[in-house]
J.: 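Before I ask anything, here is the structure I am working with.
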There are 2 protein chains.
Amino acid sequence: MKPERAFRPNRASRLHPTLSGVERMAARDRAYHDLRYRILTGRLAPGTTLLETELAALLSLSRTPVREAAIKLAEEGLVSIRARHGITVRELTLRDVAEILDVFSALEIRAVALVARRGLARAEHDHLAGLLDRMEQSTEAGDIARWSDMDDDFHAGMVSLCGNPRLLRTLGEYWGQQYRARMLILPLRPSPRQSDIEHREILAAVGAGNEDAARRLHQRHRARADAQQLALLTNRLPPGEADET
Amino acid sequence: MKPERAFRPNRASRLHPTLSGVERMAARDRAYHDLRYRILTGRLAPGTTLLETELAALLSLSRTPVREAAIKLAEEGLVSIRARHGITVRELTLRDVAEILDVFSALEIRAVALVARRGLARAEHDHLAGLLDRMEQSTEAGDIARWSDMDDDFHAGMVSLCGNPRLLRTLGEYWGQQYRARMLILPLRPSPRQSDIEHREILAAVGAGNEDAARRLHQRHRARADAQQLALLTNRLPPGEADET
DNA sequence: TTTGGATATTATGTATACATTACGCAGCAA
DNA sequence: TTGCTGCGTAATGTATACATAATATCCAAA
């Protein structure tokens, strides 16, 4: 696939790169981003099953690029390919979300620690601090949707400074996997005052170059936020079976 | 690709699944495992560039499955695909290894913490303890190659119990990426007494179900071992340029 | 001799053709 | 009615054909 930037600057382009720039794109990439976008936004509902041929017709392409896109989506866990049964949009189970958050948080904590080690430039710090200002305003105003968007930008903006492209790439993959769950609980979320406080603490530790504090604070933040998210999802998602290892 | 097990029980099958069982495999998977094996073991040297057509001829397949395999290898970072210039086996730079180890260790630490939370069955504990016994014997005997193999088995065996298939999958990907560097320093390694000690401590903490201790101990272990590995690789690998973010 | 431009070559990206194989259904028997 | 066997169908996996686009070379001119 194209050597695309791992974690793009704003949420819209993380969701669908083509929506920002109207550059010419290879068919395979178009297929990939198109399908991913439709899945993440629910335009292709979980459980939907399509054959390669049907997908190709849907996107006005031949099977080859569609197939390659489907393989990539399957590797990312967004669809499952069952030979001769078509390509099915995966439904997230509670267990899936727990698994995803486990990986995602481990990576994000490491990324934040790296940023702390590396240190923040003035402009970087100001940008992040500005986001926090606006998030606190949104909290006051009770605008949870706006807050959530900026929360996403804050996390993405922070980790994007870690200087490890591979880490960013993998993080981006898991971001896609948890996106639908995140959207699902958006209207259910209580006031994010506690998150606002923790974000300030994290930014302070990172800004001070205190790697160990940043790691501990972010770990606490994620543990709390992830537990809350899972709690909100309980009984709103199928549980998912335990696997036998 | 096939729904293969993320982190296989022994090193040989992690390196090349087909070497163990002689099951019939799809052409795409054959191509993938074949190429990956050749790259990891150096049979395809870094810098080697081949065209899709040449790879297809090499493996007696058509371009389609070879191409899909190459795309997957590129996503894993083992090769780079430059349009019209062929598929090049990537050379690891010091920077690459540092990036890889950063991600790998973050994931492994999380996995070990999960195992501690979950607890060890008697048989699992005994298996891992048995490995440590034999590793210590190898240390005494100065058989570093044998020690290294079992070290790998110990780490893989430990994380395979974490109960998170996604984590294992991603871990396996990064394992492949760092494999060549690991082999490179094998003959240079000093006596791994310190690792032996730390392994015992980690296993004890995990066995006791002490998640926090396990996390801390494993973090310390990886930090030390990774730093040592990087030190041994300095001046033996090209540095790699800093990226501008 | 060097530079610029045009053309030819060729590798990839995409489309399509073909072969294989697994699944479901029908029909028969218990 | 239920279960088993065999065959037909159709979706995938693989091969190949074709179009596109980029590079390199060659020739000419300065």
Side-chain angles (χ1 to χ4, degrees), chain A residues 1-4 17-18 21-39 44 47-90, chain B residues 1-4 17-18 21-39 44 47-90:
Chain A
M1 262 305 109
K2 277 291 151 56
E4 59 191 64
T18 37
V22 199
E23 346 128 46
R24 169 137 186 79
M25 219 172 191
R28 171 161 43 113
D29 299 333
R30 276 214 316 279
Y32 168 74
H33 288 296
D34 240 47
L35 291 175
R36 180 166 174 274
Y37 179 73
R38 291 182 199 226
I39 293 169
L44 273 177
T48 308
T49 294
L50 292 166
L51 301 174
E52 285 185 5
T53 320
E54 296 173 321
L55 274 180
L58 179 67
L59 304 177
S60 306
L61 292 168
S62 76
R63 275 179 55 215
T64 308
V66 167
R67 176 183 164 78
E68 289 176 359
I71 289 172
K72 184 163 186 202
L73 290 168
E75 277 162 8
E76 288 179 20
L78 290 179
V79 304
S80 65
I81 301 177
R82 292 195 313 145
R84 320 210 161 258
H85 286 265
I87 293 148
T88 304
V89 179
R90 287 188 60 170
Chain B
M1 248 351 68
K2 277 292 151 52
E4 59 193 63
T18 37
V22 199
E23 346 130 45
R24 170 138 186 80
M25 221 172 189
R28 173 164 37 116
D29 300 332
R30 275 215 317 277
Y32 169 73
H33 289 296
D34 240 45
L35 291 176
R36 180 167 174 273
Y37 179 73
R38 291 181 200 227
I39 292 169
L44 274 177
T48 308
T49 294
L50 293 166
L51 301 174
E52 286 185 3
T53 320
E54 296 172 323
L55 273 179
L58 179 66
L59 304 175
S60 305
L61 292 167
S62 76
R63 274 179 55 216
T64 307
V66 167
R67 177 183 163 78
E68 289 176 359
I71 290 172
K72 184 163 185 201
L73 290 169
E75 277 162 9
E76 288 179 18
L78 290 179
V79 304
S80 64
I81 301 178
R82 291 195 315 144
R84 320 211 157 258
H85 286 264
I87 293 147
T88 304
V89 179
R90 286 188 62 171

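Within every chain, numbering begins at 1; the chains are lettered A, B, ... in the order of the sequence lines, protein sequences first and strands thereafter.
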J.: Would you call T49(B) and H85(B) a side-chain contact if the rule is heavy atoms closer than 4.5 Å?
T.: no
J.: Of the non-hydrogen atoms in A69(B) and R28(B), which two are nearest, and what is the gap between them?
T.: CB-O, 4.0 Å
J.: For V89(B) and L44(B), which heavy atoms make the closest approach, and how far apart are they?
T.: CG1-O, 3.8 Å
J.: I'd like to know whether I39(A) forms a side chain to side chain contact (heavy atoms under 4.5 Å, CB included) with V79(A), so could you lay out the CA-CA distance, the side-chain angles of the two residues, the decisive distance to 0.1 Å, and finally the verdict.
T.: CA-CA 9 Å; I39(A) 293 169; V79(A) 304; 3.5 Å; yes
J.: Output a table of donor-acceptor pairs, distance under 3.5 Å, between side-chain atoms of residues 53-65 of chain B and any protein atom two or more places apart or on a different chain; print 'none' if there are none.
T.:
unit_1	atom_1	unit_2	atom_2	d
E54(B)	OE1	L51(B)	N	2.7
R63(B)	NE	E52(B)	OE1	3.0
R63(B)	NH2	E52(B)	OE1	3.0

J.: Take nucleotides 6-16 of chain D nucleotide by nucleotide from the 5' end and write B, S or -, depending on whether a protein heavy atom sits under 4.0 Å from the base, only from the sugar-phosphate, or from neither.
T.: ----BBBBBBB
J.: In whole angstrom, give the distance that lies between atom CD1 of I71(B) and atom P of dT12(C).
T.: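 Result: 11 Å.
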